[in-house]
Participant: 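I am attaching a structure below and will ask some questions about it afterwards.
Convention: sequence-line order gives letters A, B, ...; per-chain numbering from 1.
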Protein chains: 2
Amino acid sequence: MPMGFQETFKALSDDVRREILLMLRNGKKSAGEIASCFDMTNATVSYHLSILKKAGLITEEKEKNYIFYKLNTSVFEDVMMWFAQFKDGKKSE
Amino acid sequence: MPMGFQETFKALSDDVRREILLMLRNGKKSAGEIASCFDMTNATVSYHLSILKKAGLITEEKEKNYIFYKLNTSVFEDVMMWFAQFKDGKKSE
DNA sequence: AATCTATTTAGAAAATTTTCTAAATAGATT
DNA sequence: AATCTATTTAGAAAATTTTCTAAATAGATT
């Protein structure tokens, strides 16, 4: 689903979106719960959620008329891998 | 020096800048050497270098009339730490 | 079926980022 | 001292991102 690193790193480059990710560490939260933590409209938070979703960092789950979001840890692993290239990278290159 | 994560993640969110970082894995390179790998003006690459420098991801070193850039691995460690928060984060929180 | 509740989508304005051209800087060479 | 070489800075244009308001969607309740 995620188009690649460009999209994922762009998603990670915003304070609000990183805050959302931290917020989801201990389990899923609805769009409304997430939005209530910020001083911006629900529409704007929804925009940020869509960016995180496109980047593959979160997934959604509909229940009643709520939409719950939760972390997709596998993409975090991928980003970690990218950083691993800088750990004593001299050997393989 | 780096103002914090916002700046560092913003710096990492651009393809050109991530490419520069990869390019510096096997040692320092001058601004000109770096610029020659891209299809953009030296001035533009200089702009990207300044963003990476402000983010603390690279440092510069003047020699003759060249300016050499190299990775500052300690800031990479810091970013890795941020990601570590998502690794089985349930216990401590 | 009408209404309510939670959320997203569309479209526009504001803010930020990226890129360029032209000029500036600064050390090295003639 | 004049010039050359490598690089950056300034300022503007173009592109992208963030935010808002208003309207749309869709499932739940009355």
Participant: Under 4.5 Å between side-chain heavy atoms, chaining through other members, with only Ile, Leu, Val, Met, Phe, Trp and Tyr counted: pull out the rest of the cluster around Ile51(A), sorted by chain and number.
Facilitator: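 Its cluster mates, by chain and number, are Tyr47(A).
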Participant: Are side-chain heavy atoms of Thr8(A) and Trp82(A) found at a separation under 4.5 Å?
Facilitator: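 Heavy-atom side-chain distance check fails, nothing below 4.5 Å.
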Participant: Quick one, which residues of residues 14-21 of chain A touch DNA chain C with a heavy atom under 4.0 Å?
Facilitator: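 Under 4.0 Å from DNA chain C: no residue of residues 14-21 of chain A.
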Participant: Which comes earlier along DNA chain D counting from the 5' end, the contact point of Thr41(A) or that of Glu63(A), where each point is its nearest nucleotide?
Facilitator: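 Closer to the 5' end of DNA chain D: Thr41(A).
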Participant: For nucleotides 3-10 of chain D, tabulate all protein N/O to nucleotide N/O atom pairs closer than 3.5 Å, reporting atom names and distance.
Facilitator:
from: dT5(D); atom 1: O2; to: Asn65(B); atom 2: ND2; distance (Å): 3.1
from: dT7(D); atom 1: OP1; to: Ala31(B); atom 2: N; distance (Å): 3.3
from: dT7(D); atom 1: OP1; to: Gly32(B); atom 2: N; distance (Å): 3.4
from: dT7(D); atom 1: OP2; to: Gly32(B); atom 2: N; distance (Å): 2.7
from: dT8(D); atom 1: OP1; to: Tyr69(B); atom 2: OH; distance (Å): 2.3
from: dT8(D); atom 1: OP2; to: Ser46(B); atom 2: OG; distance (Å): 2.8
from: dT8(D); atom 1: O5'; to: Ser46(B); atom 2: OG; distance (Å): 3.1

Participant: For the pair Val16(B) and Thr44(B), evaluate side-chain contact (heavy atoms from CB on, under 4.5 Å) and give the outcome as yes or no after the intermediate values.
Facilitator: CA-CA 10 Å; Val16(B) 171; Thr44(B) 297; over 6 Å; no
Participant: Between Phe38(A) and Met23(A), is there a side-chain heavy-atom distance shorter than 4.5 Å?
Facilitator: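 A side-chain contact exists here, since the closest heavy-atom pair is under 4.5 Å.
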Participant: Lys62(A) near the nucleic acid: base, sugar-phosphate alone, or nothing, with a heavy-atom cut-off under 4.0 Å?
Facilitator: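 The residue Lys62(A) makes no contact with any strand.
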Participant: Please tabulate, for side-chain N and O atoms in residues 57-68 of chain A, each donor-acceptor pair with protein atoms closer than 3.5 Å (sequence neighbours left out).
Facilitator:
from: Glu60(A); atom 1: OE1; to: Lys53(A); atom 2: NZ; distance (Å): 2.9
from: Glu60(A); atom 1: OE1; to: Tyr69(A); atom 2: OH; distance (Å): 3.3
from: Glu61(A); atom 1: OE2; to: Lys28(A); atom 2: NZ; distance (Å): 3.0

Participant: Using atom types as modelled and distance alone, determine if a side-chain donor or acceptor of Asn42(B) lies under 3.5 Å from a backbone N or O of Ala35(B).
Facilitator: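 Answer holds: no.
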Participant: Taking side chain as C-beta onward, heavy atoms only, is Phe9(A) less than 4.5 Å from Val79(A)?
Facilitator: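 SC-SC contact between Phe9(A) and Val79(A) confirmed.
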Participant: Closer to the 5' end of DNA chain D via nearest nucleotide, is it Asp39(A) or Lys64(A)?
Facilitator: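 Taking each residue's closest nucleotide, the earlier one in sequence belongs to Asp39(A).
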Participant: Does the side chain of Met40(A) come within less than 4.5 Å of Val45(A)'s, by heavy atoms?
Facilitator: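 Answer yes - side chains close enough.
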Participant: Which residues satisfy the side-chain contact (heavy atoms from CB on, under 4.5 Å) test with Ser36(A), sequence neighbours excluded?
Facilitator: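 With sequence neighbours excluded, Ser36(A) shows a side-chain contact (heavy atoms from CB on, under 4.5 Å) to no residue whatsoever.
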Participant: Kindly say if His48(B) contacts the phosphate of dT17(C), meaning a side-chain N or O under 4.0 Å from OP1 or OP2.
Facilitator: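 Result: no.
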Participant: Round to the nearest Å and state the distance from Met40(A) atom CE to dA15(C) atom P.
Facilitator: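 Atom CE in Met40(A) sits about 14 Å away from atom P in dA15(C).
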Participant: Show me the dot-bracket string of DNA chain C, counting Watson-Crick or G-U pairs under 3.5 Å, with | for pairs to another strand and [ ] for crossing ones.
Facilitator: ||||||||||||||||||||||||||||||
Participant: I'd like to check Ser13(B) versus Arg17(B) (side-chain heavy atoms, cut-off strictly below 4.5 Å). Are they in contact?
Facilitator: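 Ser13(B) vs Arg17(B): side chains touch.
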Participant: Side-chain contact, heavy-atom cut-off 4.5 Å: Leu24(A) with Lys70(A)?
Facilitator: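 The answer is no; the side chains never approach within 4.5 Å.
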